Amino acid sequence: MCGVTNLEKYINDNSPILSGELLETLMKSNKGLSNEAARKRISRVKGDIVKIRGLFADGQILFCSKEVYGSEDYYEGLSRAFRKSGKQYHTILQSLDFHYGQIRLNQMPSYSVNPIENLKGHITFSSVLEKLENLKLVNIGDEFVTISSPISTHALSPNRAKGIETAKNFLLIQFNDWARKIGLSSYNSSKFHSSFGNYQFNFVSPSYIGSLPKKGNKVLIPGFVIADILIGNSIIESEVEFFINKIRVLKYRKGVGNFIPFLIVDSMDTKALNSLKAEGVVIGFVDELFGDKYKELLNSLINLVTNAGAILKKNPEAYLDLILKLNKLVDGKTNNLRGDLFELAVGYYQGRICHTIDIGKMIIHDGNRREIDVFGLLPNSIFVSECKGYNSMVDKEEVETWLGEKVPVIRKWILEQPSLSERAITFQFWSTGGFTQEAIEYLEKKKANTKKYNIDFIDLEQMIGLSKEIKSKKFTEILRDYYVKEI
């Protein structure tokens, strides 16, 4: 490999390859070649080769033959290059992979090593995520960030990702309650998915215990309790590096208050455990914090959300029993999960009506990704349900977005499916908080004037009536307990 021509052949045969690896190979194969001369040879590389710059440590370039560029080998090679020399990009991809391919957009920054606000010497999270999207390694939707399938190692499962998210939301509520009860954090002052020292964490709360607070001129400056949650997979050392990196930066930054870092987990290997301990991180194992039964119920919750369609159709009582068990174990705090679990409530009802149902179904039409909360099928009809399980009323703007941006994409996708295209379609909007008068008037008008599909909108009072029709006392009680009472 003496000349540029041979170097280009080597690149074509080994694409994609980092310039650092190329430099090392070139010097090994040419014993008398100086580092500077080798670099010059690499800089003169031409031909049908794509050069990807500005993403890798020490100004490295990723060389890739045009034949390989865009292929599965290219994406695998790009992922390897990030793992070796592009840690901030690799961390996001690894976190998405750990979470079965999907993390909610507002939670994604917690699982990166990048600040969410400007910080000298650091690239912001939004800039890194944008570059990953430009490389087609992730898709950024209105609500979720999704990994591209060629670079994932875990099986992609939006439903399992949603199950883990639901369980994490539950854990945040429990951790907050635990920290308040022992006086670790200030009452009613904690924030979820919030900023501390320019970085985002799942949990941030001021604390006045021990030596954490500092004396200011006139007031006591609190310390902080910060925490991230990592559950749903057995954790290895590389998968906790995002948290360790954030902690290290904060430790050595001037002006950052004292803090106690927690990482809440369900299982991890010894190397990961030791790495966290070496950084002074408090490892909160779910079963040790809240008990074995709690861990079992969390796993049941993840399983229920992951396999919701099949379970709600074949064994609907499992849903009702789990909600009752969760409520009993955590003293009524499942009210805080009502938004996460509401589509399961709608799915429970639709499972009694429809032959098959799907929860959290993800569809793509012409590059537009949309999620269907509940998708119910009968031989001659389809029910597409949008579910909002919160106190606040749905306003006209939200309804306009639903009918203007979501419904058309889903309808076009349905019409392109040979097995579905001839069935009558009903789009439903379920809202436990009801609808504003303006939204009701708009929906009534659209319902009367739309001929290509049907429109229904259902408030809590109507839901209770529907639950009585299917003669489920348990379901009626859950609707009343979790969607009538205030949080």
Side-chain angles (χ1 to χ4, degrees), residues 158-159 162 304-320 342-366 368-389 394 398-432 435 439-440 442-472 475-476 479:
N159 284 347
K162 183 174 288 187
L304 174 61
V305 177
T306 302
N307 304 293
I311 291 172
L312 290 172
K313 186 63 191 172
K314 295 178 182 178
N315 185 21
E317 296 303 309
Y319 159 68
L320 300 176
F342 179 55
E343 62 190 45
L344 298 184
V346 175
Y348 176 88
Y349 171 78
Q350 294 288 31
R352 315 283 61 74
I353 306 302
C354 298
H355 288 184
T356 62
I357 59 168
D358 200 343
I359 309 292
K361 184 179 181 65
M362 197 69 68
I363 62 102
I364 300 174
H365 180 270
D366 286 345
N368 295 304
R369 184 185 297 265
R370 296 291 185 270
E371 183 181 6
I372 302 173
D373 289 342
V374 183
F375 188 69
L377 294 179
L378 283 166
N380 298 312
S381 56
I382 298 171
F383 292 92
V384 180
S385 301
E386 182 83 359
C387 307
K388 300 294 179 184
V394 172
E398 187 168 359
V399 170
E400 286 178 324
T401 301
W402 174 59
L403 286 173
E405 297 179 12
K406 195 164 188 177
V407 166
V409 174
I410 295 171
R411 178 175 173 270
K412 288 176 183 176
W413 176 83
I414 290 172
L415 293 177
E416 288 186 357
Q417 311 307 309
S419 62
L420 305 177
S421 59
E422 298 299 321
R423 305 188 202 195
I425 309 171
T426 299
F427 288 94
Q428 300 178 326
F429 203 125
W430 298 65
S431 169
T432 58
F435 303 85
I440 291 171
Y442 179 80
L443 284 163
E444 291 284 12
K445 183 178 179 181
K446 285 291 184 180
K447 183 174 182 177
N449 296 333
T450 302
K451 306 300 180 187
K452 294 179 180 179
Y453 53 86
N454 303 311
I455 298 173
D456 282 339
F457 52 103
I458 303 158
D459 61 21
L460 185 58
E461 187 176 340
Q462 291 168 299
M463 291 175 212
I464 292 172
L466 291 173
S467 74
K468 289 178 180 178
E469 286 180 15
I470 60 174
K471 297 179 180 179
S472 173
F475 185 55
T476 304
L479 282 175

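This is a predicted model, so every value here is computed, not measured.
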Ignoring hydrogens, what is the shortest heavy-atom contact between [X] and [Y]? Give both atom names and the distance.
X: Leu344; Y: Leu304; answer: CD1-CD2, 3.9 Å
X: Leu320; Y: Ser472; answer: CD1-OG, 4.1 Å
X: Trp402; Y: Pro408; answer: O-CD, 4.4 Å
X: Thr476; Y: Ser467; answer: OG1-OG, 2.8 Å
X: Ile363; Y: Ile372; answer: CG2-CD1, 4.2 Å
X: Gly347; Y: Ile359; answer: CA-CD1, 3.8 Å

Heavy-atom side-chain contact between [X] and [Y] under 4.5 Å:
X: Leu460; Y: Met463; answer: yes
X: Leu377; Y: Ile357; answer: no
X: Lys388; Y: Thr432; answer: no
X: Ile410; Y: Phe427; answer: yes
X: Phe435; Y: Leu443; answer: yes

Glu444 meets the salt bridge (charged side-chain N to carboxylate O under 4.0 Å, His left out) criterion, sequence neighbours left out, with none
All side-chain contact (heavy atoms from CB on, under 4.5 Å) counterparts of [X], not counting sequence neighbours:
X: Ile353; value: Tyr349, Gln350, Ile470
X: Ala318; value: Ile311, Asn315
X: Arg369; value: Asn139, Thr146, Met362, Ile364
X: Thr426; value: Phe383, Gln428, Asn454, Asp456

With sequence neighbours excluded, what pairs up with [X] under the side chain to side chain donor-acceptor pair (under 3.5 Å) test?
X: Thr356; result: none
X: Lys406; result: Glu386
X: Glu416; result: His365

Spacing of [atom1] belonging to [X] relative to [atom2] belonging to [Y], to within rounding of 0.5 Å:
X: Phe457; Y: Phe429; atom1: CZ; atom2: CZ; answer: 11.5 Å
X: Ile414; Y: Arg411; atom1: CD1; atom2: CZ; answer: 9.0 Å
X: Asp373; Y: Ser385; atom1: CG; atom2: OG; answer: 8.0 Å

One pair to check against side chain to side chain contact (heavy atoms under 4.5 Å, CB included): Tyr348 and Glu317. What are the steps and the verdict?
CA-CA 9 Å; Tyr348 176 88; Glu317 296 303 309; 3.6 Å; yes
Let's go through Val384 and Ile382 carefully: what are the C-alpha distance in whole Å and the side-chain angles of both, what is the deciding distance for side chain to side chain contact (heavy atoms under 4.5 Å, CB included) to 0.1 Å, and is it a yes or a no?
CA-CA 7 Å; Val384 180; Ile382 298 171; 3.9 Å; yes
I need the full list of salt bridge (Lys or Arg N to Asp or Glu O under 4.0 Å) pairs touching residues 458-471, with sequence neighbours left out, sorted by first then second residue.
none
According to the salt bridge (Lys or Arg N to Asp or Glu O under 4.0 Å) rule, which pairs have a member within residues 349-360, sequence neighbours left out?
Asp358-Lys361
Quick one: do Glu405 and Arg370 satisfy salt bridge (Lys or Arg N to Asp or Glu O under 4.0 Å)? Show the steps, please.
CA-CA 9 Å; Glu405 297 179 12; Arg370 296 291 185 270; 5.2 Å; no
Of all pairs that satisfy ring pair (Phe, Tyr, Trp, His ring centres under 6.0 Å), the ones with a partner from residues 405-426, not counting sequence neighbours:
none
Candidate pair Asn159 and Val305, rule side chain to side chain contact (heavy atoms under 4.5 Å, CB included), full reasoning
CA-CA 6 Å; Asn159 284 347; Val305 177; 5.8 Å; no
side-chain contact (heavy atoms from CB on, under 4.5 Å) with Val346: which of Val374, Ile458, Leu466?
Val374
